[in-house]
2 protein chains.
Amino acid sequence: MKKVTMADVAKEAGVSKSTVSQFLNKRFEYMGENTKKRIEEAIEKLGYQPNFIARSLKQKRTSMIAIIVANILHYFSTGIIRAIEDFCRDHDLHAIVCNADDQPDQERRYIEMLRAKQVDGMIIFPTGKNRDLYEQMVREGYPVVFVDRQTGLDHAYSVVTDNAAATCQAIKQLIGQGHQRIAFVVQPLMVSTRKGRLEGYRKAMEDAGLPVDPDYIVESPVDEVKSRLESLFASKERPTALFAGNDRMFLAVMEFIKEKGLVLGEEVDLVVFDNIPFARLMDHPITFIEQPAAEMGRKAAELLFEQINGGKPEPEEYVFPSRMVQANPPAGPALPGNRVDPERK
Amino acid sequence: MKKVTMADVAKEAGVSKSTVSQFLNKRFEYMGENTKKRIEEAIEKLGYQPNFIARSLKQKRTSMIAIIVANILHYFSTGIIRAIEDFCRDHDLHAIVCNADDQPDQERRYIEMLRAKQVDGMIIFPTGKNRDLYEQMVREGYPVVFVDRQTGLDHAYSVVTDNAAATCQAIKQLIGQGHQRIAFVVQPLMVSTRKGRLEGYRKAMEDAGLPVDPDYIVESPVDEVKSRLESLFASKERPTALFAGNDRMFLAVMEFIKEKGLVLGEEVDLVVFDNIPFARLMDHPITFIEQPAAEMGRKAAELLFEQINGGKPEPEEYVFPSRMVQANPPAGPALPGNRVDPERK
DNA sequence: TTGTACGCGTTATCAT
DNA sequence: ATGATAACGCGTACAA
């Protein structure tokens, strides 16, 4: 019940605290075989467990890093987290995960708390609204890596995907299939990822000489998407394809499609930025843009690890490519009625 | 860049460390207005941040609790975690999450590490294989709450659901719909939840006077389920209904159903223990058994909190009821061809 | 009302 | 090879 300390072990083994400390830190070079054994036995007998808190106080390092994730509900986030944890397991680090729930205040609270707790470094999915904090950390040389979203800061380490390029490619594929009215459904454009994806959409449309109708750009919180789509479908010519900005948008869009009784692959095609675990269960063709979460998480962890150990990795920004994944590629005829043959223009 | 300590603040403000400490702990009772202001300014000027590590060492409490989850991939787990985090936010605690990945060794590693890190208590989804460790913690009076699964330990706090009763009810519903050959698909029966669910299945079958054919009890790791079902469907009379032991089993079972081209609600009915976020997107009728994750998480956090503060909550075991949720209740005729009218026996 | 001095459990630096 | 002692940054009697 009582905490047993190094001093207890030392007394039990008939040696001094420092010798016990040496033992624990595996500095056996000058240690006699039998003192070693005596200490071992004392530890065993007393059930001694070292106190990390005390060690951290002395060493000024906690062997803990923190992951501050903007929203843990994204499947992509958990993929990154798992990769970081794997890295940590192999490098004698421990990761603690905090969920900002898309709220900048929470993010700020966590960052401040974690620095007070002396975590050795952080990997942050920035909400985007705490630039002053981000900047301060970078300026002070505190180890930090930004993931998924860009901060616009100089000399900040970041790991992101090619949002614009991947989206552009996917939209071009839709256009190639004959789609001309493509709605772009996205959460409020506060963060770099969403802006990048929109940019890719714009580029694809413009490259194809298609108009970018602002009405087809549905910028809305997740819980309002259905009604926004409802009005879009009521007031305008219906889009023949939809782009969902991430996995949570996808759920909302799917609910809309289901309630509306639309048939995917016939009345409407769908592209989703993000992969999801149940993609294979979908009964209809959908295109998912998959980001390499595992590689990204690993790279972020590596970058942080190097900084913690005093390194200055180069380069500072890593951009990973995404790839398209087809769920249930359509087997039927090439051009359902709602599309325009791109050759027949 | 340099860490600024209480001593620096004291010097800057021209007072002593203890006065600064009083200030930080809001013991203003006997403090002069102007010393107070001077300290405030000094803190501001130096950008002082208290060091939690040092505080923890002194106070023997870290204000951190740990959640050790058997497998974070379960949707149910994340629901519980979120509820615990909410509670912590309101009680000046911080929760750190560790994923044992269903591996008892990992669980053991985490538990030992976290105790060394002096976390104030733990909420554990036990893998089931570390009884000695669990028992030791309970015996030492270390604050701990077990969630989801039972340990079989006396005087251990636990929060679980009525696995047997809920399963029994769901199976009875299937039987009431005319099903007689119901396959029970579950991961290896190492933990109490799975055993409880099987017990509920058995009871429902026996109560209805139906045979419990061991071939219909498919006990298998997730990644082997498909082939196990394959052989079952090849060698025996096909089951007309399936029970999936949890959400991951559900994914595997659905893949099987899809590959096999079976039509849910017609050729086969499905009951799943666990709810999932995309239940509403399913195109076919499925019954989900939903556990009250939020309430369970909250209760677990409360039980832990009370223990940390020296309380001995009563009772020790909390059993929460689950409820059935229908996705896409069938609108069509009551008795498709593959079922037997229960009245016509 | 404020300051002094010690303890928390460990590691680091010297001695021995 | 091992031991004595001083940090680490904070909280807290107790003294002033």
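Throughout, protein chains are lettered first and strands after them, A, B, ... in sequence-line order, and every chain is numbered starting at 1. Atoms considered below: every heavy atom in the structure, side chains included; atoms not considered: hydrogens, waters and symmetry mates.
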Inset, instruction - Determine, for B:Tyr134 and B:Arg131, whether the Lys NZ or Arg CZ falls below 6.0 Å from the six-membered ring centre while staying within 45 degrees of the axis. - result: no

Legend entry - Pair B:Phe125 + B:Phe146: ring centers closer than 6.0 Å: no

Legend entry - Side-chain donor-acceptor contact under 3.5 Å, A:Thr19 with A:Ser16: yes

Inset, instruction - For the helix from C:dT1-D:dA16 to C:dT16-D:dA1, measure the angle between the helix axis at one end and the axis at the other, each built from five pairs, rounding to 10°. - result: 40°

Inset, instruction - Salt-bridge test for A:Glu33 and A:Lys36: reply yes if a basic N is under 4.0 Å from a carboxylate O, no otherwise. - result: yes

Inset, instruction - Select base, sugar-phosphate, or nothing to describe what B:Ser56 touches, counting heavy atoms under 4.0 Å on all strands. - result: nothing

Inset, instruction - Would you mind building the protein contact string for nucleotides 8-16 of chain D? One character per nucleotide, 5' to 3', B for base within reach (heavy atoms under 4.0 Å), S for sugar-phosphate only, - for untouched. - result: BBBBB----

Inset, instruction - Mind listing the closest non-hydrogen atom pair of B:Pro104 and B:Thr127 along with its distance? - result: CA-OG1, 3.7 Å

Inset, instruction - Select base, sugar-phosphate, or nothing to describe what B:Val20 touches, counting heavy atoms under 4.0 Å on all strands. - result: nothing

Legend entry - N-O pairing of B:Asp86 and B:Arg89 below 4.0 Å: yes

Inset, instruction - Output all residues satisfying salt bridge (Lys or Arg N to Asp or Glu O under 4.0 Å) with B:Arg298, sequence neighbours left out; order by chain, then residue number. - result: B:Glu302

Inset, instruction - Might you point out which heavy atoms bring A:Ala66 and A:Val119 nearest each other, and give the distance in Å? - result: CB-CG2, 4.3 Å

